Amino acid sequence: MKARHSLRRDPGVAAFPLPTGRGFLTMDFPIFDGHNDSLSRLSPYTPETIAGFFSPNMRGHLDLPRARAGGMGGGLFSLYVPADPALAEDGKMEIVRMPDGSDVRLAAALDPAYALQVALAMLAGVFRLEAAAKGQVRVARTIADLRACMQAGALAWVIHFEGADAIDPQLNALEVFHQAGLRSLGIVWSRPTVFGHGVPFCHPHTPDTGPGLTDAGRALVRECNRLGIMLDVSHLNEKGFWDLAEVTDAPIVATHSAVHAICPAARNLTDQQLDAIRASDGLVGLNLEVTTLRPDGQDDPDTPLELIVRHMDYLVEHLGIDRVGLGSDFDGGTMPLALGDAAGLPKVLMQLRQHGYDEAALRKLAFENWLRVLERTWRE
Ligand code: ZN
């Protein structure tokens, strides 16, 4: 394991203001979160709807005031294209035969022209938000950007696509989106694209739910490697995972997943997958959403923070303390009541602290590991 540098005494991040008060919550470091869907809440991405990000908004989990209250210095902000609302319900889902012979419902592939149109509207919304933020939110394209944001107390917004639905097989859109700031890409959400196949939301279920990457998917992996776009396996099925692992020369990252051995959801990672992530010097951002945490897979907010610690312990044991972070899934699912929203992030760290993680370990889990893996993946 090679740490590129220590951020511990790095003046580039030391000045980040965190809420102080009870007990150990006098930390002087930020939290970098590996996944949220908050952009989706700003639809239709007009100045009026975007303004909702800047004022306390008790809908959902994350806005600028709550990010600040939770000590969040940055994160991967997902661009997720929803199913076309003009479609009938049966046009949004399809029945897929699993390798074990069972049939499950999976979200249907999107029309590429529709996906591109929505992705452009959402990306335009990101840039409108950045302009309206007057320096308080900044799109980060380089590690230097990330550090500068954290030093300034601004929120670093890393553009992530949750699914390559808007990207053509010729990869022209990938080139353009990269120029615009795309730095992290999930090949699929839980539906097919021309590049691969996503996992359905099944519990209990194996992640082995269908075919692997297509030839276009393998080409996409290589091109992301060349451009320095991080690849996210969080919604990829198991064969796709192994295909990606074979092709990629970058660390393997799951931005928002949890442990299959504890919560056997198809979305979660098996021990073999964790071994591969470790071997690649990658990272798992622990999902805090209850159906990925709970052994029973129930959508029940009455879920104790101790369960987050249990997943974290398992990940740290299998991956090492340098390859685990947070990937909340704020605005993408149900959070434990005890966490609430982004303002509650320090409660997770407090729980870990009480469980025996020291400050050096907490710094790694909170942001250092994310910066390490991004620095290893990005080209500049
Ligand atoms: Zn997701």
Side-chain angles (χ1 to χ4, degrees), residues 32-43 60-62 75-83 92-93 104-110 115 118-119 122 126 157-167 182-193 195-203 205 207 209-210 229-238 240-241 244 252-260 263-269 273 277 282-294 297 299 303 308 311 315 325-336 339 341-342 370:
F32 186 93
D33 183 47
H35 190 88
N36 72 71
D37 287 300
S38 302
L39 180 60
S40 295
R41 284 204 295 112
L42 305 181
S43 174
H61 302 127
L62 175 63
L76 300 176
F77 283 74
S78 175
L79 189 155
Y80 163 78
V81 179
K92 296 177 184 174
M93 304 295 289
V104 303
R105 278 164 63 80
L106 183 71
L110 299 180
V118 176
M122 296 182 78
V126 173
W157 182 299
V158 177
I159 297 172
H160 167 85
F161 280 15
E162 187 164 32
D165 314 79
I167 294 171
L182 176 65
R183 291 294 179 272
S184 173
L185 172 68
I187 293 176
V188 287
W189 181 66
S190 289
R191 64 185 164 212
T193 66
F195 305 107
H197 299 264
V199 282
F201 293 94
C202 293
H203 178 109
H205 207 282
T209 58
I229 297 173
M230 193 185 80
L231 287 157
D232 173 22
V233 299
S234 271
H235 285 266
L236 197 55
N237 67 4
E238 187 170 4
F241 177 99
L244 181 146
I252 301 171
V253 174
T255 61
H256 58 305
S257 294
V259 175
H260 197 272
C263 168
R267 272 271 280 110
N268 280 340
L269 296 161
Q273 289 176 309
I277 289 169
L283 182 143
V284 175
L286 176 59
N287 197 322
L288 307 180
E289 194 272 327
V290 297
T291 66
T292 58
L293 292 172
R294 295 174 62 91
D299 192 9
T303 296
I308 293 173
H311 280 269
L315 290 173
L326 295 172
S328 68
D329 219 350
F330 286 141
D331 291 324
T334 304
M335 292 294 136
L339 167 64
D341 54 24
W370 266 119

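Order of appearance sets the numbers: ligands from 1, and atoms from 1 within every ligand. This structure is a prediction, so every number in the text was calculated from the model and none was measured.
- Each of Asp341, Asp37, Asn36, Asp33 was checked for a side-chain hydrogen bond (donor to acceptor under 3.5 Å, both in side chains) with Ser328, and the lone residue meeting it is Asp33.
- We find that Asp299 and Arg294 are not joined by a salt bridge, their nearest charged nitrogen and carboxylate oxygen being 4.0 Å or further apart.
- Side-chain N/O atoms of His256 and Glu162 include a donor and acceptor closer than 3.5 Å.
- Counting only N and O atoms by type, the side chains of His160 and Ser78 include no donor and acceptor under 3.5 Å apart.
- Taking backbone and side-chain atoms together, His35 has no N/O/S atom less than 2.8 Å away from the Zn ion (ligand 1).
- Looking only at its N/O/S atoms, His235 has NE2 as the one nearest to the Zn ion (ligand 1).
- When the N, O or S atoms of Glu162 are ranked by distance to the Zn ion (ligand 1), OE2 comes first.
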